[in-house]
Amino acid sequence: MAEGEIQKAATFLGEQGSFALSFAVGAVVIALYSRKRIAEFTRPPKGEEYDFTKMLTMGDIVGHSIFYKSYVFYTVFLEFLYFFICTSKPLVLLIVSDPSGATFEGSAWPLGAALLVVGLLPSVPAIAEIEMMLRGLAQRVASIPGEFYDRVTRLSRSEIEQLVSFAPDYKPEIRSFRRVHTLLISVGFADDDAKLMARSCVAARLFSQWTIDGGRIWSSEEFDKYKDIISVLRPKTELLNSEIETLTTATLRLPLTTSILSKFGITDASAEITPELVEKIIIEADSQIKAMPENPATEPEVKAAQTFEATVKRWKTLAMECDVSAKRLSALFAILARNDRETAMQIRRGRAAVVAIGGRKPDPVLTALVQMMDESTSAYPWSNAGMVAVIVGFVGCLVPLCLYLYAVDYGFHAAQLSTDWVHAFASTDATSTIQDALYTSLTLAFMFSMASMVALFLRSLKIEEGTWVPFSRFRRIPVSNYVAIIWWSSLAAFMPLVISYIGYYYKAGRVADLAVLQPSALVETLIYRYILGFSAVTFGIAVCILADIVDAKTELKHVGSVSLRVALAVIFIEFLCLIVNPLYSLESRPFWHNMVAVACYAVVALITFQISYTANKEVFPNPTLPQPDPT
């Protein structure tokens, strides 16, 4: 019995089974490799406020759920590339005139393809761009690092003084804010500037309580992971807090400050003052500063002028340093809240047993901050809209295509076999019709989705770089936007077309027909397949145009008009791609089969994308997009 099993295994490994087994091994190797590779940012967080993130893993920074989401997408992208390389074996060997090897047999090709994906992609500069494109796309689809930036931005830009003003436990912090604000307007700063500077000083102090000194807030298991980072951040934070106190005392002793506070009867700079009094202090400060001699003659005047200028300069520098520190500590707060889920849930519900102040009752400020983080969950709404469009577009293509193909087959049998509709109905193979429609719909779904996601990804990169010119009207299409999109999207669309081309011969049992093709004819066929992909490229450009229109908050009526026009453009490009292809004649069934499929998919998917993207934008606006020129 054992010998029989061994013989079966040997037979399996000696034939097509060896290809399948090595293919499975290669797929596992790629999945293991991608886990390590996706942990590297394509664009790591930059700026002084994010320097400490170099000490953390991507999972710690963005949250493990988001990290694994990007890992799944990256693995799927690499596996699809691997599948494409493996599937292309017959074509490659036929092109190099080796028809004997143009079969799915042997273990060398899959293992070589796996080695190509995990070894050659990251190491060869020209090919490494493909890997970086796939990794960047996987990270963007999972909102990396945009979701992290969004959380930090919400925390660092919050009006922290308003949050703590109603919390009795934070009276020292609100008094510190008022004191700094009053002193700053007394030395000549505008009201808005003084509020921002005072807010940065207080935020740096508060977030240090919740992070560096937050051992009582977070679970010890999670908090201990960041001891090394805290030991690095603590000295600078303590120095800033000390500098704030020192500079506050020095400012209180300035003759200008003393004079203004005395004139308006302010005995306590930390007391709340009315907006009317703020305006009076600013006017008085401007008046006294203008009255200062431009060229002081006496030594006391020179010393007073130097002290005043040095104080104002120190405040500007200190406020900038506090702003960086507040962002850095708010980033650490966001990381802690993301990873310490149990504590964050307790804080969110207002029932935390351990809080920053007192240690016995809920902290409304922490609750507000954690809830504020919950509002930021999608920094790249195009990825959500794109995936929804893929699913709905597939269904919107499959159903009408089934009906169309069945009607065509029914009409053919009614005309050729009998005028009796019963015989025509019985002669129509519904199963074959559904299989053909499903095969075509899947091919289009892969082709259009990959091209559109690549296009939207490149658009998001250009927006961040400031090189994207938003679409405003068809008479002024910014062609420069779409050069890179055309190149990368056409390659993305080409892969599903090649896979479907090979799959067609194997599905129809016509492998022998593929093997007799001459290399020149095969190359020509692949060129025409590449041209067919330009309908998907047009679709990718179309979703970018729709995203621009939605971002510009155009009227709904105009958005619908643009959706119709870009859908017609996709259909027209598909018509041109088919008409120049010698494999399709205008009268043939495959010609109109493809036309109907593309038309259905394009219309349904574009409308779905526009609706979904609009809904996402209403919840998660993107303020970084430049607005189109209204002229």
Side-chain angles (χ1 to χ4, degrees), residues 31-75 135-136 138-156 204 207-237 324-348 352 354 356 366 369-380 383:
L32 296 175
Y33 158 83
S34 61
R35 173 65 175 78
K36 178 181 179 181
R37 190 66 176 168
I38 193 62
E40 301 176 16
F41 285 100
T42 54
R43 293 195 170 195
K46 295 180 180 180
E48 186 180 354
E49 62 268 32
Y50 300 115
D51 52 4
F52 74 93
T53 58
K54 298 175 183 177
M55 304 171 66
L56 297 171
T57 65
M58 179 187 287
D60 292 331
I61 296 171
V62 303
H64 292 284
S65 60
I66 294 178
F67 169 74
Y68 284 115
K69 181 180 177 181
S70 68
Y71 166 66
V72 169
F73 278 110
Y74 181 61
T75 303
R135 182 155 43 100
Q139 291 176 358
R140 289 303 177 98
V141 170
S143 295
I144 297 175
E147 197 270 348
F148 170 67
Y149 286 142
D150 192 25
R151 282 185 283 130
V152 175
T153 299
R154 286 178 180 270
L155 292 174
S156 61
F207 278 108
S208 68
Q209 292 180 20
W210 298 324
T211 54
I212 293 176
D213 299 319
R216 292 178 300 169
I217 304 175
W218 312 104
S219 66
S220 57
E221 180 182 359
E222 188 65 35
F223 190 75
D224 288 345
K225 296 179 182 178
Y226 307 95
K227 281 187 175 180
D228 292 340
I229 293 174
I230 289 174
S231 64
V232 172
L233 299 181
R234 185 183 294 277
K236 179 65 175 179
T237 303
V324 172
S325 179
K327 289 180 179 178
R328 181 185 290 122
L329 295 173
S330 62
L332 181 57
F333 179 90
I335 292 171
L336 278 164
R338 172 65 74 177
N339 291 295
D340 193 352
R341 292 180 175 273
E342 183 177 351
T343 302
M345 184 178 298
Q346 292 175 346
I347 294 174
R348 189 181 294 110
V354 181
L366 280 177
L369 290 174
V370 172
Q371 290 175 346
M372 189 183 301
M373 285 175 49
D374 294 340
E375 298 173 5
S376 58
T377 55
S378 178
Y380 303 118
S383 61

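- For the pair N339 (side chain) and I335 (backbone), a donor-acceptor distance under 3.5 Å is present.
- Between atom CD1 of residue I61 and atom CZ of residue R338 there is a gap of 13.0 Å, rounded to the nearest 0.5 Å.
- Between atom CE of residue M58 and atom CD of residue E40 there is a gap of 8.5 Å, rounded to the nearest 0.5 Å.
- Under the 3.5 Å distance criterion, the side-chain polar atoms of R140 are left unmatched by any main-chain donor or acceptor of S383.
- By the salt bridge (Lys or Arg N to Asp or Glu O under 4.0 Å) test, E222 pairs with K225, sequence neighbours left out.
- Between L56 atom CG and D228 atom CG the span is 10.0 Å, to the nearest 0.5 Å.
- In this structure, E342 places its CD atom where only 12 or fewer heavy-atom neighbours from other residues, nucleotides or ligands lie under 6.0 Å away.
- How far OG1 of T211 is from CG of L332: 5.0 Å, rounded to the nearest 0.5 Å.
- If you take CD1 on I38 and CZ on F67, they are separated by 7.0 Å, rounding to the nearest 0.5 Å.
- Using a 4.0 Å cut-off between charged nitrogen and carboxylate oxygen, E147 and K69 do not count as a salt-bridge pair.
- Here the shortest heavy-atom pairing between R154 and M372 reads O-SD, 3.2 Å.
- Side-chain atoms of W218 never come within 3.5 Å of backbone atoms of A337 as a donor-acceptor pair (strictly under, hydrogens ignored).
- Not counting sequence neighbours, the partners of S34 by the side-chain hydrogen bond (donor to acceptor under 3.5 Å, both in side chains) test are T75.
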Quiz item: Given K327 and E48, is the salt bridge (Lys or Arg N to Asp or Glu O under 4.0 Å) satisfied, shown in steps?
Solution: CA-CA 9 Å; K327 289 180 179 178; E48 186 180 354; over 6 Å; no
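- Side-chain contact between Y74 and S70 is absent, with no heavy atoms from C-beta onward closer than 4.5 Å.
- A 6.0 Å sphere centred on CZ of R341 holds no more than 12 heavy atoms belonging to other residues, nucleotides or ligands.
- The aromatic ring centres of Y50 and F148 sit less than 6.0 Å apart.
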Quiz item: Yes or no on side chain to side chain contact (heavy atoms under 4.5 Å, CB included) for F333 and L155, after CA distance, side-chain angles and deciding distance?
Solution: CA-CA 9 Å; F333 179 90; L155 292 174; 3.7 Å; yes
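- The two residues A326 and A204 come nearest to each other via the heavy atoms CB-N, 3.9 Å.
- The CZ atom of F73 lies 12.5 Å from the CD atom of Q139; values are rounded to the nearest 0.5 Å.
- When the side-chain hydrogen bond (donor to acceptor under 3.5 Å, both in side chains) test is applied to D340, the partners found at least two apart in sequence or on another chain are S219, T343.
- In this structure, the side chain of Y71 engages the main chain of A31 through a donor-acceptor pair within 3.5 Å.
- Of all heavy-atom pairs between P145 and F41, the closest is CB-CE2, 4.1 Å.
- Here the shortest heavy-atom pairing between A334 and V152 reads CB-CG2, 4.4 Å.
- No side-chain heavy atom of F207 sits under 4.5 Å from any side-chain heavy atom of T237.
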